[in-house]
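Every heavy atom of this structure was used, including side-chain atoms; hydrogens, water molecules and symmetry mates were not. In this text the structure is predicted, and so the values were computed from the model without any measurement.
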Amino acid sequence: MKKISLGSWAFSFGPHADHPVPLDAIARRAAEAGYDGLELCGFPPHASLDVYGTTERRKELRKRLDDLGLATSGYSADLTAANPTADGNRTRYLELIRQNLEFAVDLGSPVIRLDTVAAPGSLPDEDYAGAFRRLGETWHETAELASKAGVRVVWEFEPGFVFNKPSEIVELHEEVRHSNFYVLFDTAHAYTCAAVGARQHGEPEILRGGVEGMLDLCAGRIGAVHLVDTDGSLYNDETSTHLPLGSGVIDFERLALKLNATRSADWWTIDLSFCPDAWDQIQPSLAFARKIAK
């Protein structure tokens, strides 16, 4: 049976950005609902390097989670200070990776999540291929550092960041060339990238089979899963609209048959980003996930 965790960022981004829910309150609510763990947001005011800058502070947080019976399923690192696609950022980026890997180890997180940082349209056409190669090289080193720390690297592709075409996702995974580098399969992002072709470079690329076709394409590459529904639109014209499970266009009964066969992802994380009623969806989302998880 898959273990189910709750993504804490849903209560600090989007509609909650101006009034974020404290991390301890989220942890208590998740424990009361029956979740197995939390996937921690590395951005302030949650589990960030600024807030938990020492090993002692991080161990205190880990104990609070342990006392609630919650494991840390993953850590979403804040790496925005060093765009890894930009020329000259490699050293700064890898230093941030080292700091965040220490954080992940202290919290007992098996996974560190990252993205390309750069927004669609931010790369000049003449440097698009070069940025792709630079990113692959930097992420190869990232995966090696993480491997030595015993932490899995997962890349979350989405319309809000460059290299989001289905073919690019596979090509970038192959470009990194490291056994410790995986794809994070977010069901909403998979839909908007594969079935809609949202915010893609050049001509949109629509994949036959939509979200299920994207899952087939990512077979053997998936290291983490985010569960969330969508209607195929974009939130603030930036990234995938996230909807509570069962309220959008994704057929989770069909998709779950393939998701359950994804053996490299022990955890499924409920991602309620941008949902105004996320707090009220904590329990129903867990019940939905329990029904389809095997």
Side-chain angles (χ1 to χ4, degrees), residues 6-18 20 39-44 46 74-81 83-85 111-123 128 131-132 135 154-169 172-173 182-202 204-207 210-211 214-215 217-218 222 224-245 247-250 252 255 268-278 281 285:
L6 180 66
S8 73
W9 54 84
F11 308 96
S12 61
F13 291 163
H16 293 87
D18 293 333
E39 186 168 335
L40 296 172
C41 175
F43 293 74
H46 285 178
Y75 179 61
S76 181
D78 179 2
L79 301 165
T80 53
N83 178 355
T85 70
V111 164
I112 187 168
R113 174 259 180 216
L114 44 80
D115 56 56
T116 63
V117 178
S122 65
L123 300 177
Y128 196 80
F132 190 91
L135 181 61
V154 295
W155 160 42
E156 184 172 12
F157 63 85
E158 60 162 285
F161 299 109
V162 293
F163 309 134
N164 55 36
K165 288 184 176 181
S167 61
E168 289 177 331
I169 292 161
L172 185 51
H173 178 266
Y182 296 83
V183 167
L184 190 162
F185 193 88
D186 178 296
T187 53
H189 294 325
Y191 185 91
T192 50
C193 288
V196 179
R199 302 193 72 191
Q200 295 178 350
H201 181 75
E205 182 180 302
I206 307 300
L207 189 65
V211 64
M214 191 72 231
L215 184 57
L217 196 64
C218 290
I222 297 172
V225 170
H226 284 179
L227 279 185
V228 62
D229 216 332
T230 187
D231 60 6
S233 67
L234 295 179
Y235 179 82
N236 283 350
D237 294 325
E238 292 179 1
T239 191
S240 310
T241 295
H242 284 38
L243 298 176
L245 294 167
S247 66
V249 297
I250 297 176
F252 278 98
L255 187 64
W268 286 0
T269 298
I270 304 296
D271 184 354
L272 294 169
S273 300
F274 319 126
C275 297
D277 61 343
Q281 291 296 331
S285 297

[X] side chain to [Y] backbone, donor-acceptor under 3.5 Å:
X    : Y    : value
D229 : I250 : yes
R199 : E238 : yes
S8   : C41  : yes
D78  : T80  : yes
K165 : P204 : no
Q281 : D277 : no

What's the spacing between [X] [atom1] and [Y] [atom2] if we round to 0.5 Å?
X    : Y    : atom1 : atom2 : value
E205 : C193 : CD    : SG    : 10.0 Å
L40  : F43  : CG    : CZ    : 13.0 Å
E156 : S76  : CD    : OG    : 7.0 Å
L6   : I270 : CG    : CD1   : 7.5 Å
L272 : H16  : CG    : NE2   : 9.5 Å
L172 : F132 : CG    : CZ    : 4.5 Å

### Query
When you check the side-chain N and O atoms of T230 and S240, is any donor under 3.5 Å from an acceptor?
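No donor-acceptor contact under 3.5 Å links the two side chains.
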### Distance-only polar pair, side chains of H242 and S273, donor-acceptor under 3.5 Å
no
Closest heavy-atom pair and its distance - [X], [Y]:
X    : Y    : result
L243 : G248 : CD1-CA, 4.0 Å
A131 : L123 : CB-CD1, 3.8 Å
F252 : V228 : CZ-O, 3.3 Å
V183 : C218 : CG1-SG, 4.3 Å
T241 : D231 : CB-OD1, 3.7 Å
S122 : A119 : OG-O, 2.6 Å

### Derivation and outcome, side chain to side chain contact (heavy atoms under 4.5 Å, CB included), residues Y191 and L255
CA-CA 11 Å; Y191 185 91; L255 187 64; over 6 Å; no
### Message
Please determine whether side chain to side chain contact (heavy atoms under 4.5 Å, CB included) holds for the pair L184 and D186, giving the CA-CA distance in whole Å, both sets of side-chain angles, and the decisive distance to 0.1 Å.
### Response
CA-CA 6 Å; L184 190 162; D186 178 296; 4.2 Å; yes
### Pair H189 + F157: ring centers closer than 6.0 Å
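They do not qualify: ring centres at least 6.0 Å apart.
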### Query
Under 6.0 Å between ring centres, would you say that holds for F274 and F13?
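For F274 and F13, the ring centres are not under 6.0 Å apart.
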### Message
For T269 and L227: C-alpha separation, side-chain torsions, deciding distance, then whether side chain to side chain contact (heavy atoms under 4.5 Å, CB included) applies.
### Response
CA-CA 6 Å; T269 298; L227 279 185; over 6 Å; no
Hey, are the side chains of [X] and [Y] touching, using non-hydrogen atoms and a 4.5 Å cut-off?
X    : Y    : value
L217 : L207 : yes
W9   : H46  : no
F161 : T239 : no
C275 : P244 : yes

### Query
Which of these, N83, V117, T85, sits in a side chain to side chain contact (heavy atoms under 4.5 Å, CB included) with L135?
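Answer to the side chain to side chain contact (heavy atoms under 4.5 Å, CB included) test with L135 among N83, V117, T85: T85.
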### Task
Starting from the C-alpha separation in whole Å, work towards a yes-or-no answer on side chain to side chain donor-acceptor pair (under 3.5 Å) for H226 and E39.
CA-CA 10 Å; H226 284 179; E39 186 168 335; 3.1 Å; yes
### Task
Run the numbers on M214 and F185 for side chain to side chain contact (heavy atoms under 4.5 Å, CB included), then give the verdict.
CA-CA 9 Å; M214 191 72 231; F185 193 88; 4.0 Å; yes
